[in-house]
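Every heavy atom of this structure was used, including side-chain atoms; hydrogens, water molecules and symmetry mates were not.
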Amino acid sequence: MCWCSPPARACSAWTTAARAPASATRWRWGCSPTVSLKQARERRDEARKLIADGIDPATRRQAGRLADAESFEAIAREWHAKHSAKWTPSYATHLLRRLEANVFPYIGSRPIAGLQAPDILAVLRRIEARGVIETAHRVHQYIALVFRYAVATGRASADPTPALRGAIPTAPKVHFASIKEPAKVGQLLRDLHAYAGHPVTRAALQLAPLLFVRPGELRHAEWAEIDFDKAEWRIPAHKMKMRALHIVPLSTQAVAILRELEPLTGRRQYVFPSLHSGIRCMSENTVNVALRRMGYDRTMMTGHGFRSMASTLLNEQGWNRDAIERQLAHAERDAVRAAYNYAEHLPERRRMMQAWSDYLDGLRIGADVVPIKHKTGT
């Protein structure tokens, strides 16, 4: 029985124990006290003062717990827990970290119902002052979503965030650095194939230009999603930005790279496991760090830049724009259409992905490459 929670009928024993030495108390109740005698006296005095003022201490404690439950941080974490299943794990983690770093320290403990537009603006101004305008806009969106959830669940009467539109300057559009000139692409590919680092990283570098998926999608690839018989990789909807199943046709070159990698990681969950832990997937920085080591700084090439490289060159070669956009898994205005049209243009996309790999092979070996022109609509 705990020293701090005596039985109801043990009042006299409890009084005696409270006056006894700590060793005797531990012997009598079976555990060491979690509250010192000084703290207990302070709480007693505080309770007596509240009673003298006509306030029930139990009611005060209950009100405090209720305030904590209706704080911005508590409701934000509740909202995050309810919606995180719909997001990719990396996005869910990134979102929560942004709130923890930028919002909770300033308004997290305050009741959400009492927060007004100026309170939120002060949070956003702090982020703006660091020069990360895009982060300020993102955090504004997250706070708005938390408020909408609070209104829907009866913890707030209104969402003050719409009043802040225009308060933070528009962030300049940032394009991921990418190489698009064929001759320079050829040199990049030669550097990727000559990479002398870890073979798992090398395979990721070689597959990135062939598949041109988002970096997060590539590093989260699982062997269970790869179908060698059909030569395709089916990425589940929950891993995709647009939450729709995505099919990536695998060229013979891509299949060869995966086959070579299979003996190294094929018995694990991830195609590209972490270099430090086989349980997690490769770090989000691995590909970019490898590019830096090869001499490509962030103004020259990024892991995300393989997408714009493919988009630019495939469009120049005359491939069907809709097939390219579908293969890039770009935003679909109609969410229902996106969910059901994952196989749209698939036969053409298979031909395109093989022709693209052949074209890159030609650039890599330095041949005089004549890309296969594909007339739109054929």
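- A donor-acceptor distance shorter than 3.5 angstrom exists from the side chain of N288 to the backbone of G303, with no hydrogens or angles considered.
- Applying the ring pair (Phe, Tyr, Trp, His ring centres under 6.0 Å) test to residues at least two apart or on different chains, none of the pairs has a partner in residues 92-120.
- Annotation for A167 and L121: closest pair CB-CD1, 3.8 Å, computed over non-hydrogen atoms.
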### Message
Does T201 form a side-chain contact (heavy atoms from CB on, under 4.5 Å) with V287? I'd like the steps, not just the answer.
### Response
CA-CA 7 Å; T201 304; V287 168; 5.7 Å; no

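- Salt-bridge annotation for E316 and K180: absent, with no side-chain N of the basic residue lying under 4.0 Å from a carboxylate O of the acidic one.
- A donor-acceptor pair under 3.5 Å links the side-chain atoms of S178 to the main chain of G305, judged by distance alone.
- Interatomic distance, D191 CG to L205 CG, rounded to the nearest 0.5 Å: 10.5 Å.
- Screening residues 248-302 for ring pair (Phe, Tyr, Trp, His ring centres under 6.0 Å) gives no qualifying pairs among residues at least two apart or on separate chains.
- Shown here are the ring pair (Phe, Tyr, Trp, His ring centres under 6.0 Å) partners of H304, two or more places apart in sequence or in another chain: F176.
- Of the possible donor and acceptor atoms, none in the side chain of H80 sits under 3.5 Å from a partner among the backbone N and O of A76.
- In this structure R298 satisfies the salt bridge (charged side-chain N to carboxylate O under 4.0 Å, His left out) test with no other residue, sequence neighbours excluded.
- Ion pairing of E100 with R97 is absent here, as no side-chain N (NZ or NE/NH1/NH2) approaches a carboxylate O to less than 4.0 Å.
- E217 is linked by a side-chain contact (heavy atoms from CB on, under 4.5 Å) to V213, R214, I235, M240, counting only residues two or more places apart in sequence or in another chain.
- Take A136 and apply the side-chain contact (heavy atoms from CB on, under 4.5 Å) test, not counting sequence neighbours, and it matches I127, I168.
- Under the 3.5 Å distance criterion, the side-chain polar atoms of S311 are left unmatched by any main-chain donor or acceptor of R307.
- With salt bridges taken as basic N to acidic carboxylate O contacts below 4.0 Å, none links E348 and R351.
- The side-chain hydrogen bond (donor to acceptor under 3.5 Å, both in side chains) with K239 is formed by just one residue from the set H220, E222, H246; it is E222.
- In summary, E70 and R155 do not engage in a salt bridge, as defined by a charged side-chain N under 4.0 Å from a carboxylate O.
- In this structure, E260 has no salt bridge (charged side-chain N to carboxylate O under 4.0 Å, His left out) partners at least two apart in sequence or on a different chain.
- Looking at heavy atoms from C-beta onward, Y359 lies in side-chain contact with P182 at the 4.5 angstrom threshold.
- Rounded to the nearest 0.5 angstrom, I226 CD1 and R259 CZ are separated by 10.5 Å.
- Residue pairs that meet the salt bridge (charged side-chain N to carboxylate O under 4.0 Å, His left out) test with at least one member in residues 266-290, sequence neighbours left out, do not exist here.
- Side-chain N/O atoms of Q206 and Y195 include no donor and acceptor closer than 3.5 Å.
- In this structure, R349 does not pair ionically with E232, as no charged nitrogen and carboxylate oxygen lie closer than 4.0 Å.
- Applying the side-chain contact (heavy atoms from CB on, under 4.5 Å) test to A177 and every residue at least two apart in sequence or in another chain returns T302.
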### Task
Apply side-chain contact (heavy atoms from CB on, under 4.5 Å) to the pair L250 and M353, showing each step before the final yes or no.
CA-CA 7 Å; L250 301 174; M353 295 297 276; over 6 Å; no

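- Between E134 and R138 there is a salt bridge, since at least one side-chain N of the basic residue sits less than 4.0 Å from a carboxylate O of the acidic one.
- A distance of 6.5 Å separates CG in L291 from CG in L192, rounded to the nearest 0.5 Å.
- In this structure a side-chain-to-backbone donor-acceptor pair under 3.5 Å is present from W356 to P209.
- Closest approach of P160 and A158 over heavy atoms only: CD-O, 3.5 Å.
- Annotation: side chain of V248 is in contact with side chain of Q327 (closest heavy-atom distance under 4.5 Å).
- Between L360 and R364 there is no side-chain heavy-atom pair separated by less than 4.5 Å.
- Put simply, CZ on R190 and CE on M294 are 13.5 Å apart, with the number rounded to the nearest 0.5 Å.
- Listed for the R202 side chain is a donor-acceptor partner under 3.5 Å among the backbone atoms of H193.
- Partners of F228 under the ring pair (Phe, Tyr, Trp, His ring centres under 6.0 Å) rule, at least two apart in sequence or in another chain, do not exist in this structure.
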Side chains of residues 139-146: which donor-acceptor partners sit under 3.5 Å, not counting sequence neighbours?
residue, atom, partner, partner atom, Å
H140, NE2, T161, O, 3.1
Y142, OH, R98, NH1, 3.4

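- The pair R110-E73 fails the salt-bridge criterion, with no side-chain N (NZ, NE, NH1 or NH2) lying under 4.0 Å from an Asp/Glu carboxylate O.
- In this structure, T153 contributes its side chain and A150 its backbone to a donor-acceptor pair below 3.5 Å.
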### Task
Take L207 and L258 through the side-chain contact (heavy atoms from CB on, under 4.5 Å) test and state the conclusion after the steps.
CA-CA 9 Å; L207 280 172; L258 289 168; 3.8 Å; yes

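- You'll find the side chain of I257 reaches within 4.5 Å of the side chain of L210, heavy atoms only.
- Within the 4.5 Å cutoff, no side-chain heavy atoms of L99 are placed close to those of R77.
- Following chains of ILVMFWY side-chain contacts shorter than 4.5 Å, one cannot reach V151 starting from I120, and the two form parts of different hydrophobic clusters.
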### Task
For H345 and N320, run side-chain contact (heavy atoms from CB on, under 4.5 Å): C-alpha distance rounded to whole Å, both residues' side-chain angles, the deciding distance at 0.1 Å, then the answer.
CA-CA 9 Å; H345 305 292; N320 185 341; 4.0 Å; yes

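- Remark: E128 does not engage R130 in a salt bridge, criterion side-chain N to carboxylate O under 4.0 Å.
- Shortest non-hydrogen contact noted between L261 and A203 is CD2-CB, 4.0 Å.
- Nearest heavy-atom pair, L164 versus A117, reported as atom, atom and distance to 0.1 Å: CD2-O, 3.7 Å.
- Residues meeting the ring pair (Phe, Tyr, Trp, His ring centres under 6.0 Å) test with H83, sequence neighbours left out: W79.
- Atom CG of L275 sits about 8.5 Å away from atom OG of S283, to the nearest 0.5 Å.
- With a 4.5 Å cut-off on side-chain heavy atoms, D361 and Q253 count as touching.
- A distance-only check finds no donor-acceptor pair linking the side chain of T265 to the backbone of E262 [under 3.5 Å].
- I179 and V289 sit in two unconnected hydrophobic clusters of ILVMFWY residues. Membership requires side-chain heavy atoms under 4.5 Å apart, directly or through other members.
- Side-chain contact between L264 and P199 is present, with at least one heavy-atom pair separated by less than 4.5 Å.
- Judged by distance alone, with hydrogens and angles left aside, the side-chain atoms of D119 form no donor-acceptor pair with the main-chain N or O of L115 at under 3.5 Å.
- One finds the CG atom of L211 at 7.5 Å from the OG atom of S357 (value rounded to the nearest 0.5 Å).
- Under the 4.5 Å side-chain criterion, counting only non-hydrogen atoms from C-beta, L314 is in contact with M352.
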